[in-house]
Amino acid sequence: MDAMRLVILGAAGRMGRTLVRLAHEAPDLTVAAALERPGSLALGSDAGQLAGAGHLGVPVTDDLDAALAAGDGVIDFTAPAASVFLARETARRGLVHVIGTTGCSAADDEAIAAAGAQGARIVKSGNMSLGVNLLSVLVEQAARALGPDAFDIEILEMHHRHKVDAPSGTALLLGRAAAEGRGIDLAETSVRVRDGHTGPRAAGTIGFATLRGGSVVGDHDVILAGEGERITLSHHAEDRAIFARGALRAALWARNRPPGLYSMRDVLGL
Ligand SMILES: NC(=O)C1=CN([C@@H]2O[C@H](COP(=O)(O)OP(=O)(O)OC[C@H]3O[C@@H](n4cnc5c(N)ncnc54)[C@H](OP(=O)(O)O)[C@@H]3O)[C@@H](O)[C@H]2O)C=CC1
Ligand SMILES: O=C(O)C1=N[C@H](C(=O)O)C[C@H](O)C1
């Protein structure tokens, strides 16, 4: 089969640059186009040079139509508005669309699911790494095994100082896994902020705490706290390559799937 032609949206970003480098190194992938928003200072630069991968002859452009015409799929680690807009475009063209963007609202997620129903082959996950997706299976099992009464669940995350959304997409993914294990709805049970005189912890809730600072790539702890004992399930991301590798694997996997909305657990068979 021919190498899959990828369009990298947000090619000058932290993840975009990592994706360009790893896609260029992969024998079954090629970087067909690199996109940034109109007005970006990166427009016209070579995507490979920006990524530290040498000259690729792929200029960063804002010409979406030309880029999508040149690709079999798009990898998109950008911002919610950009991902929702692009999902309509990938649906119209029946393209693969791998979405790593976090911070999406419920309405954004509905629009993305609709694009999957309308022709796009979408893989979306708050974390594309193998480790976190395996962790989500373990969290679901632990929450199911321990039940809601004896152990409280708290999720702690830390990321670099540039991150703009909270809680992280990964924290929410892990929270959903815990809720699934308990047979409850995360939206109805999560406590995302505590401040002032909060009163005692409400039974059955799933709490979130957010730390930001420095260059931390991504740390997550799921703490199951009981009377007299505590279990902590953790993941520490040391390199953005783990997310990029997962996203590239997802693109190749989705290439031969019917249109729809898939998760990384689908891709990894977990
Ligand atoms: N699911 C996962 O495994 C992971 C998800 N992420 C998520 O990916 C997203 C990006 O993270 P990161 O790379 O660190 O962020 P960056 O800010 O470094 O990169 C985002 C890039 O997307 C660009 N962009 C924004 N809007 C558009 C648009 N409409 N068209 C084209 N380009 C656009 C930005 O341009 P500009 O600077 O001009 O706005 C920027 O270059 C975040 O939501 C983050 O949480 C990150 C790592 C792993
Ligand atoms: O913004 C980041 O950097 C990351 N975002 C994702 C998230 O919100 O969980 C994944 C990873 O932790 C890095």
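Counting starts at 1 for both ligands and their atoms, following the listed order.
- Both the sub-6.0 Å distance and the 45° axial angle are satisfied by R257 relative to the ring of W253.
- Here the straight-line distance linking atom CG of L172 with atom CG of L174 works out to 9.0 Å at 0.5 Å rounding.
- Heavy-atom neighbours of R144 CZ from other residues, nucleotides or ligands within 6.0 Å: above the threshold of 12.
- Taking any N or O of G169, backbone or side chain, at least one lies under 3.5 Å from an N or O belonging to ligand 2.
- Atoms of ligand 1 lying under 4.0 Å from at least one heavy atom of K163, given by number and element, are 45 (O).
- Within ligand 1, the atoms closer than 4.0 Å to a non-hydrogen atom of G100 are 1 (N), 2 (C), 4 (C), 5 (C), 6 (N), 7 (C), 8 (O), numbered from 1 in the order shown.
- Atoms of ligand 2 found under 4.0 Å from any heavy atom of T170 (numbered from 1 in listed order, with element): 7 (C), 9 (O), 10 (C), 12 (O).
- For the pair R240 and ligand 2, the shortest N or O to N or O distance does not fall below 3.5 Å.
- For a threshold of 3.5 Å applied to N or O pairs, the pair formed by H160 and ligand 1 contains no separation below that value.
- Of the N or O atoms in A79, none lie within a sub-3.5 Å distance of an N or O in ligand 1.
- When hydrogens are left out, the protein atom nearest atom 19 (O) of ligand 1 is G13 CA, 3.3 Å; that is the closest non-hydrogen contact.
- Residue-ligand proximity: G126 is placed with a non-hydrogen atom under 4.0 Å from ligand 2.
- No more than 12 heavy atoms of other residues, nucleotides or ligands shown are found within 6.0 angstrom of CD on E238.
- When H220, R14, M128, K163 are ranked by how near their heavy atoms come to atom 5 (N) of ligand 2, first place goes to K163.
- Taking any N or O of L9, backbone or side chain, none lies under 3.5 Å from an N or O belonging to ligand 1.
- When heavy-atom distances to ligand 1 are checked against a 4.0 Å cut-off, H162 has no atom that comes that close, whether in backbone or side chain.
- Of all the atoms in ligand 2, the ones that sit under 4.0 Å from a non-hydrogen atom of S168 are 7 (C), 8 (O), 9 (O).
- Between R14 and ligand 1, a contact under 3.5 Å exists for at least one N or O pair.
- The protein reaches atom 22 (O) of ligand 1 closely, with a heavy atom under 4.0 angstrom from it.
- For the ligand labelled ligand 2, residue H160 lies inside the 4.0 Å heavy-atom shell.
- Remark: ligand 1 and R240 share no N or O pair separated by less than 3.5 Å (distance only, no angle test).
- The shortest N or O to N or O distance between T102 and ligand 1 is below 3.5 Å.
- Residue contacts with ligand 1: R37 is placed with a nitrogen or oxygen under 3.5 Å of a nitrogen or oxygen of the ligand (distance criterion only).
- For ligand 1, one of its N or O atoms has an N or O atom of G126 under 3.5 Å away.
- Taking a cut-off of under 4.0 Å to the non-hydrogen atoms of F243, the atoms of ligand 1 that pass are 3 (O), 47 (C), 48 (C).
- Residue-ligand proximity: L172 is placed with every non-hydrogen atom at 4.0 Å or more from ligand 2.
- Once rounded to the nearest 0.5 Å, the distance linking CG of L261 with NZ of K124 reads 8.0 Å.
- Side-chain atoms of R17 come within 3.5 Å of backbone N or O of A12 as a donor-acceptor pair.
- The distance from ligand 1 to the heavy atoms of A82 drops below 4.0 Å at these ligand atoms: 26 (N), 27 (C), 28 (C), 29 (N).
- Near M15, meaning under 4.0 Å from one of its heavy atoms, ligand 1 places the atoms 13 (O), 46 (C), 47 (C).
- Taking CG of D149 as the start and CZ of R182 as the end, the distance is 8.0 Å to the nearest 0.5 Å.
- Side-chain atoms of S125 and N127 form no donor-acceptor pair, as typed in the model, at a separation below 3.5 Å.
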